[in-house]
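Written below as structure tokens is the structure these notes are about.
Nothing here was measured: the structure is a model prediction, and the numbers come from that model.
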Amino acid sequence: MAAEECVRTVKIGNTMGLHARPAAQIVHLANRFKAGLKLRRSDGSGNEADCRSVLAMLMLAACKGTELVLRGSGDDAAEAVEALGGYFDRNFDEE
């Protein structure tokens, strides 16, 4: 049986962008799942980050309006992408 893979485009909607607090919360959420989770800038820069690394996510330099591709792979990828995608949809619970 092949590993499940899910992809979702998310957009940074909060004023401060993807800063340390939401990055730490993403790590916390990602650690609830077995799936591998990555964020990649959709602007063609090729910058990608593991969702279990605060520093890697901060290196994306994702400000308000930045579109990212959230990719999950593994047994619970659909649930993981849904949970993280919802956090982005809620503007990191900041606004």
Side-chain angles (χ1 to χ4, degrees):
M1 184 173 161
E4 182 179 3
E5 184 166 81
C6 290
V7 178
R8 178 175 173 180
T9 300
V10 294
K11 189 172 185 176
I12 306 294
N14 68 319
T15 305
M16 295 178 63
L18 181 54
H19 59 92
R21 192 196 64 77
Q25 184 61 29
I26 291 168
V27 169
H28 178 73
L29 287 169
N31 283 327
R32 293 182 183 176
F33 301 96
K34 293 179 182 177
L37 294 159
K38 304 273 186 184
L39 281 170
R40 181 179 43 84
R41 289 183 65 107
S42 62
D43 61 6
S45 69
N47 293 349
E48 185 175 78
D50 186 323
C51 291
R52 289 184 172 86
S53 170
V54 171
L55 184 57
M57 285 186 284
L58 294 177
M59 295 296 291
L60 290 173
C63 59
K64 183 175 182 173
T66 301
E67 285 193 355
L68 303 169
V69 176
L70 173 61
R71 181 179 306 275
S73 59
D75 295 335
D76 56 359
E79 296 89 349
V81 168
E82 181 68 25
L84 269 69
Y87 186 57
F88 279 87
D89 290 346
R90 295 189 314 270
N91 294 323
F92 307 136
D93 297 330
E94 292 184 344
E95 299 172 1

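Judged as a salt bridge (charged side-chain N to carboxylate O under 4.0 Å, His left out), and not counting sequence neighbours, the contacts of R21 are E94. Under the salt bridge (charged side-chain N to carboxylate O under 4.0 Å, His left out) criterion, D50 pairs with no residue at all, not counting sequence neighbours. By the salt bridge (charged side-chain N to carboxylate O under 4.0 Å, His left out) test, R71 is found to be paired with E5, residues two or more places apart in sequence or in another chain being considered. Residues satisfying the side-chain hydrogen bond (donor to acceptor under 3.5 Å, both in side chains) test with N31, not counting sequence neighbours, are R52. Annotation: ring pair (Phe, Tyr, Trp, His ring centres under 6.0 Å) contacts of Y87 (sequence neighbours excluded): F92. Taking V54 as the reference, A23, A24, V27, L58 meet the side chain to side chain contact (heavy atoms under 4.5 Å, CB included) condition, with sequence neighbours excluded. Contacts of R41 classified as salt bridge (charged side-chain N to carboxylate O under 4.0 Å, His left out), with partners at least two apart in sequence or in another chain: D43. Residues satisfying the side chain to side chain contact (heavy atoms under 4.5 Å, CB included) test with A78, not counting sequence neighbours, are E4, C6.
With hydrogens and angles ignored, the 3.5 Å screen pairs a side-chain donor or acceptor of S42 with a backbone N or O of E67. Between the side chain of D76 and the main chain of A35, a donor-acceptor pair closer than 3.5 Å is present.
Sorted by first and then second residue, the salt bridge (charged side-chain N to carboxylate O under 4.0 Å, His left out) pairs with a member in residues 7-17 read R8-D89; sequence neighbours excluded. Counting only residues at least two apart or in different chains, ring pair (Phe, Tyr, Trp, His ring centres under 6.0 Å) contacts with residues 44-72 are absent.
Here the closest heavy-atom approach between residue G85 and residue L70 is recorded as N-CD2, 3.8 Å. Contact detail for L84 and C51: the closest heavy-atom pair is CD2-SG, 4.0 Å. Considering all non-hydrogen atoms of both residues, L18 and I26 come closest at CD1-CD1, 3.8 Å.
Considering OG1 of T9 and CZ of R40, their distance stands at 8.5 Å, rounded to 0.5 Å.
Grouped by direct or indirect side-chain proximity (heavy atoms under 4.5 Å, Ile/Leu/Val/Met/Phe/Trp/Tyr only), V7 sits with V69.
The local environment of CD in Q25 is crowded, with over 12 non-hydrogen atoms from other residues, nucleotides or ligands closer than 6.0 Å.
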